[in-house]
Amino acid sequence: MAGATTQVCIGVVAPLTGRLAPLGEPLSFAVRALAPRLARLHNGGRAYDVRVAVRDSRSDPQTARQAVAELAVRDRARIILTMAGTQVLPAATDACERLSVPCVSTTFPWQAYGYARGGDPLRAFRWTYHFAWGLDDIADVFADVWERIGERQTVGCLWNDDLQGRLLRHGRYGFAPVASGRGHCLVDPGGYAESAPEFDAHVARFREQDARIVTSAATAEDLARYYGRARAAGFIPRLITCSRWLTYPHTHTSTSADVHAALAAARVATLVYWSPAHPYRSGLDGSTCADLARAYREATGRGWLQPLGLAHALFEVARHALTTAPDPTDRAAIAHTLGKTRTETVVGPLDWTRGPTPNVALLPLAAGQWQQSDDGPRLAVVDSTRVPGLPVTADLVTAF
């Protein structure tokens with residue numbers, strides 16, 4: 001039939017329910033906002049109808065695998081997009097690799113992405129591609145903040161005994177070698193179990209070494225518990241830097257107001273990988289980061305979240321791949337195109353041709369700090385050295 005078009009399906013595995021649901025909120029918004037704009041694309045003089053199919057991972061690895069299988073087989077998805085945590089995301093991406101479906105993912109450091117998928121951060125994959133930052137990038141940004149207080153600092157490490165903590169300590173790929181290489185003394189009493197941490201040994205060791213700066217990747221609850229123990233012992237941190245409680249702490253409905261109050265008092269400094277003030281534009285329609293944040297508030301009634309930029313960028317990458325691949329219905333052609341992709345997005349330029357591995361594109365990081373405002377917690381940018389064009393919005397505040 002003249003004028004007929006071929007249909008292409010974009011699959012999305014999203015944590016719509018469960019403990020990772022705060023990541024699902026901006027991804028769901030991106031689906032609603034962008035699906036109409038992606039409804040038809042052109043490639044090589046041909047038009048293609050595009051359908052977006054969404055499956056809930058329920059914040060569970062096995063369910064994520066099932067979601068990928070449904071999208072790959074039942075929906076015949078040509079490409080799958082996902083964002084999740086350090087257990088769920090590897091489950092989804094490994095399922096894509098097994099089923100030979102191109103996948104683009106984001107949300108946590110590239111070393112963890114590779115390590116959780118077979119123990120080698122530099123492992124190469126054929127079908128799966130990731131964009132994020134590295135543990136080394138986190139270390140550099142946090143060291144930038146520590147050095148605002150003094151040139152060489154003694155820093156207490158509040159790291160768990162799970163994969164996350166092991167990677168932070170890793171002698172080649174981790175946080176520790178970069179921070180130590182910049183002249184800082186790291187005090188690591190050993191990992192703690194997240195199930196029931198007491199932190200008395202950490203407080204005692206930090207006091208013994210006079211480690212008044214603490215760096216962590218703890219949950220909000222564990223970080224607040226540590227801060228409470230430190231206060232009770234009379235050894236209050238001057239500053240806490242935390243790479244986990246970074247994205248949307250005030251949106252966790254399961255976290256008590258007391259926890260948020262404690263962490264606000266602790267003056268937690270963290271990472272900023274996206275904000276409305278970032279100097280980037282969407283590769284889809286040229287909209288700015290401020291435009292995206294405004295649209296999210298108008299549609300949901302809620303303030304912007306850092307993962308909002310990542311969610312939007314997933315679709316920008318998918319569209320770029322589908323419009324530039326030799327055949328947008330051929331999964332192998334799409335995967336090959338992703339490996340050569342260089343494109344502008346609302347989170348900045350993404351380039352899979354530069355590494356650090358063939359499957360990873362890097363995002364730059366700035367330093368932020370959660371500070372109180374009349375409207376509640378506000379993520380202020382306190383150091384933007386590594387993100388040219390991003391304005392600093394507040395001074396770093398320390399306990400003393």
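Quick caveat, the model's predicted, so the values are computed rather than measured. As a basis for the values below, the full set of heavy atoms in this structure was taken, side chains included, without hydrogen atoms, waters or symmetry mates.
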Exercise for review: Mind running side-chain hydrogen bond (donor to acceptor under 3.5 Å, both in side chains) on H312 and E316 for me, showing each step along the way?
Suggested key: CA-CA 7 Å; H312 196 281; E316 296 179 64; 2.8 Å; yes

Check your understanding: Do P22 and L305 touch side chain to side chain, with heavy atoms closer than 4.5 Å?
Key -> no

With no hydrogens and no angle check, is any side-chain donor or acceptor of [X] less than 3.5 Å from a backbone partner on [Y]?
X: R297; Y: W304; answer: no
X: N160; Y: G165; answer: yes
X: D49; Y: Q7; answer: no
X: T270; Y: C242; answer: yes
X: Q306; Y: W274; answer: yes
X: H184; Y: Q153; answer: yes
X: S384; Y: L390; answer: yes
X: D162; Y: Q164; answer: no
X: Y129; Y: R126; answer: yes
X: H278; Y: Y280; answer: no

Pair [X], [Y]: side-chain N/O donor-acceptor within cut-off below 3.5 Å:
X: D136; Y: Q111; value: yes
X: E97; Y: T128; value: yes
X: T215; Y: T241; value: yes
X: R55; Y: T63; value: no
X: T6; Y: R46; value: yes

Review point. Is it true that H130 and F108 have ring centroids separated by less than 6.0 Å?
Key: yes

Practice item. Look at the aromatic rings of W146 and F142 and report parallel, tilted or perpendicular, splitting at 30° and 60°. Key: tilted

Practice item. If the plane angle is over 60° it's perpendicular, under 30° parallel, otherwise tilted; pick one for F206 and H202. Key: perpendicular

**Study point:** Charged tip of R212 within 45° of F235 ring normal and under 6.0 Å
**Key:** yes

With a 4.0 Å cut-off on N to O distance, would you call [X] and [Y] a salt bridge?
X: D75; Y: R51; value: yes
X: R225; Y: E198; value: no
X: D144; Y: R386; value: yes

Between [X] and [Y], which heavy-atom pair has the shortest distance, and what is it?
X: Q369; Y: D395; answer: OE1-O, 4.0 Å
X: Y192; Y: D222; answer: CE1-OD2, 3.7 Å
X: F125; Y: N359; answer: O-ND2, 2.7 Å
X: V50; Y: L38; answer: CB-O, 2.8 Å

Practice item. Look at atom CZ of R182 and say whether more than 12 heavy atoms of other residues, nucleotides or ligands are closer to it than 6.0 Å. Key: yes

Review point. Are W110 and W352 grouped together when hydrophobic residues (ILVMFWY) are joined by side-chain heavy atoms under 4.5 angstrom apart?
Key: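 Hydrophobic grouping puts W110 apart from W352.
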
Practice item. Output, in order, the C-alpha distance, side-chain angles, deciding distance and verdict of side-chain hydrogen bond (donor to acceptor under 3.5 Å, both in side chains) for T337 and T324. Key: CA-CA 7 Å; T337 299; T324 58; 5.0 Å; no

Practice item. Give the C-alpha distance, both sets of side-chain angles, the deciding distance and a yes or no for side-chain hydrogen bond (donor to acceptor under 3.5 Å, both in side chains) between T17 and D56. Key: CA-CA 7 Å; T17 57; D56 184 6; 2.7 Å; yes

